[in-house]
Amino acid sequence: MNAGIIIKNKTSEDTQIVFLGDEVSCHAVSTNDEIIELLEEKEPLVVAADAGTEIAREEFSKKEEELREEGHAFTPNSHEPKKARRLEALKARLFEEMGAERPEIIRFEPHITADELAIHDDDALKSYGVDPSSIETAEQFDAMLGSITARFYEQNKVRDLGVIIPEPLGE
């Protein structure tokens, strides 16, 4: 079981979480407590979040600069400090609550995963063995891309440039 999270920097907006195991499970929650409750219940091994916690002094970290040089478009952590701080708080709470049993949290970018794996619609999800029927919103689709990125990460079929980039099958 893996998970993808589209995290919001405000609790007034729903954070989307999609779990990918034998079945797909989509959730909209607002607080870190609700996120932790779901993670404790579902026990994913890897969680891919659309944010990172490393904020560089410069606009881009060294790894983000490499990512840019490869031609990838993304929002650097320095542009979303509230989101990065919320993820950092979530990670700290997961450590308190779950200790060594907590999932590994990685950073992904939905459009990078979509482009690298050519997943732009439900048919493409089906080609990866994913049932898209429970996905109701574009943000849940993006969270699903996170779950798929986490699956590739678990299988060690990725490159890490500060953002986890799944390697297309057959490469």
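- Put simply, the side chain of Val158 does not reach to within 4.5 Å of the side chain of Ile165, judged on heavy atoms.
- Looking at Tyr128, its side chain does come within 3.5 Å of a backbone N or O of Leu117 through a donor-acceptor pair.
- A salt bridge does not link Arg107 to Asp50: none of the charged nitrogens lies less than 4.0 Å from a carboxylate oxygen.
- With contacts defined as side-chain heavy-atom distances shorter than 4.5 Å, the pair Pro103/Val46 does not qualify.
- Inspection of the Glu34 and Ser30 side chains reveals an N or O donor paired with an N or O acceptor under 3.5 Å.
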CA sep, side-chain torsions, deciding dist, call: Thr149, Asn2, side-chain contact (heavy atoms from CB on, under 4.5 Å): CA-CA 9 Å; Thr149 303; Asn2 293 303; over 6 Å; no

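- Rounding to the nearest 0.5 Å gives a distance of 13.0 Å between NZ of Lys91 and CD1 of Ile36.
- Applying the ring-ring contact (aromatic ring centres under 6.0 Å, His included) rule to pairs touching residues 15-37 yields Phe19-His27, sequence neighbours excluded.
- At a threshold of 4.5 Å between non-hydrogen side-chain atoms, the residues Asp14 and Val29 do not count as touching.
- Salt bridge annotation for Lys10-Glu13: present, with a cationic side-chain nitrogen under 4.0 angstrom from a carboxylate oxygen.
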### CA sep, side-chain torsions, deciding dist, call: Glu167, Arg159, side-chain contact (heavy atoms from CB on, under 4.5 Å)
CA-CA 7 Å; Glu167 295 284 331; Arg159 290 182 299 131; 2.6 Å; yes

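- A 4.5 Å side-chain heavy-atom check between Pro44 and Val47 finds at least one atom pair inside the cut-off.
- From Ile6, atom CD1 reaches atom CD1 of Ile17 across 10.5 Å, with rounding to the nearest 0.5 Å.
- Within the structure, side-chain hydrogen bond (donor to acceptor under 3.5 Å, both in side chains) contacts touching residues 115-124 (residues at least two apart or in different chains) do not occur.
- Hydrophobic clustering places Phe108 together with Leu45 (ILVMFWY residues linked when any side-chain heavy atoms are closer than 4.5 Å, directly or through intermediates).
- Hydrophobic clustering of Ile, Leu, Val, Met, Phe, Trp and Tyr side chains at less than 4.5 Å, counting indirect connections, unites Met98 with Leu38.
- The closest side-chain heavy-atom distance from Ile35 to Leu94 is not below 4.5 Å.
- Put simply, the residue from Gln16, Glu139, Gln140 that forms a side chain to side chain contact (heavy atoms under 4.5 Å, CB included) with Cys26 is Gln140.
- Pro166 is not listed as a side-chain neighbour of Lys157, based on a closest heavy-atom distance of 4.5 Å or more.
- Counting heavy atoms of neighbouring residues, nucleotides and ligands inside a 6.0 Å radius, atom CD of Glu37 does not exceed 12 of them.
- In this structure a side-chain-to-backbone donor-acceptor pair under 3.5 Å is missing from Arg93 to Leu90.
- Side-chain contact annotation: Ser133 with Asp131, donor-acceptor N/O pair under 3.5 Å present.
- With contacts defined as side-chain heavy-atom distances shorter than 4.5 Å, the pair Ile164/Phe152 does not qualify.
- You'll find the side chain of Lys126 stays beyond 4.5 Å of the side chain of Val130, heavy atoms only.
- Take Asp142 and apply the side-chain hydrogen bond (donor to acceptor under 3.5 Å, both in side chains) test, not counting sequence neighbours, and it matches no residue.
- Few gaps surround CD on Gln155; more than 12 heavy atoms of other groups in view lie less than 6.0 Å from it.
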